[in-house]
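Here is the structure we will look at, set down as structure tokens.
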Amino acid sequence: MRVEVLGSGAGGGLPQWNCGCDNCTLVRAGDRRVAARTQDSIAIGGDAAGAAQLLVNASPDVLRHIERSRRLWPRGPRDTPIGAIALTNGDLDHVIGLLSLRESQPLRILATRRVRDGLVERNAVLRTLARTPDQVTWTELELGREVVLDDVGVGVTPLPVAGKLPVHLVGLLDPSSEDNVALRVRDLASGRTVVVATALGSLDGIDALVAGADAILLDGTFWRDDELIALGLGRARAQDMAHVPVGGAAGSIARLAQAKIAGARRVFTHINNTNPILRADSPERAEVERAGWEIAFDGMEIAV
Ligand SMILES: [Zn+2]
Ligand SMILES: [Zn+2]
């Protein structure tokens, strides 16, 4: 099983079009300490040429991701190796790319009932993916139950993690445990697993979530809880956006120092453009690496 981080940025990417923070400014200046990043998406699948792939989330940058990754190119005149797309929540930076995958291509989308209903029942634009009855096949992700994708060669198990409603549904729906999930993806042949948890509102239950994983792709959105406030860029805390900070006594590095994951590749991704771990020479980056964690970049490949 091969994991490719297609987009390692959080919503907005790096640089973000309306952001002049230090990191975005350095990227625009061509500074080698910071690399540009597209918005969150991960491909998981076989290594062989033409092998079907599972896409985790459909980023606003999905078309760039497909063109950059040879494994996602069509194998014939009308084709895609994307065997399924699993949605971890209904945030626009994770679903809006679906609207770029029209062209009457049959798609299989895995989502909890809540995430599907939030997209389809309340959004006439999504009907563009239903031009024919067999264009999109929705497969319900039930918490704790594995969906087997024989063509991709993986099983996908959604696990509930603390999250929030997508911003555009707040006030329309009550929150549910199906709003946001982590995914445990198991290679059917080898049994090896990767855990993808890029929106993590709390570290409660994290030990069980990552136990036995061979690779972990974790929420690297913010370094500090008050990151946007301290930079004068917003009023929301990381926890208001359902993201646990990476640093600090209550952050994920400290919390996971005790977890039994020594043999696993540990990678932070979905990194917001304000996060100081993006700068190669920052003390925060050094702290992450000292703790045995890696920082995802666009195009990063992980053999699992
Ligand atoms: Zn996101
Ligand atoms: Zn910025």
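Sequence positions, counted from 1, serve as the residue numbers for this chain. Just follow the structure's listing: the first ligand is 1, and inside any ligand the first atom is 1.
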task = Starting from the Zn ion (ligand 2), count all protein N, O or S atoms within a radius below 2.8 Å.
result =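 For the Zn ion (ligand 2), the figure is 4.
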
(request) May I ask whether I85 and I66 are part of the same hydrophobic cluster, defined by side-chain heavy atoms of I, L, V, M, F, W, Y residues being less than 4.5 angstrom apart, directly or through others? (result)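 They do share one cluster, since a chain of ILVMFWY contacts under 4.5 Å joins I85 to I66.
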
Are V95 and I109 connected, step by step, through hydrophobic side chains (Ile, Leu, Val, Met, Phe, Trp, Tyr) whose heavy atoms are closer than 4.5 Å?
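Yes; tracing contacts between hydrophobic side chains, which count when under 4.5 Å, links both residues.
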
Do other residues, nucleotides or ligands put more than 12 heavy atoms under 6.0 Å from the [atom1] atom of [X]?
{"X": "Q258", "atom1": "CD", "value": "no"}
{"X": "R113", "atom1": "CZ", "value": "no"}
{"X": "D134", "atom1": "CG", "value": "yes"}

**Request:** Report the protein N/O/S neighbours of the Zn ion (ligand 1) that fall below 2.8 Å; do not count waters.
**Result:**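 Protein N, O or S atoms closer than 2.8 Å to the Zn ion (ligand 1): D93 OD2, H94 NE2, H270 NE2.
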
State whether a side-chain donor-acceptor pair under 3.5 Å links H270 with D40.
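Distance-only check fails for H270 and D40.
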
Contacts of type side-chain contact (heavy atoms from CB on, under 4.5 Å), residue T38, not counting sequence neighbours: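 Counting only residues at least two positions away or on another chain, T38 forms a side-chain contact (heavy atoms from CB on, under 4.5 Å) with D61, R64, H65, R68, D298.
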
side-chain hydrogen bond (donor to acceptor under 3.5 Å, both in side chains) contacts in which one or both residues fall within residues 286-295, not counting sequence neighbours: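 Sorted result for residues 286-295: R265-E294.
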
Whether E227 side chain and N275 backbone form a donor-acceptor pair below 3.5 Å:
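Judged by distance alone, yes, a pair lies under 3.5 Å.
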
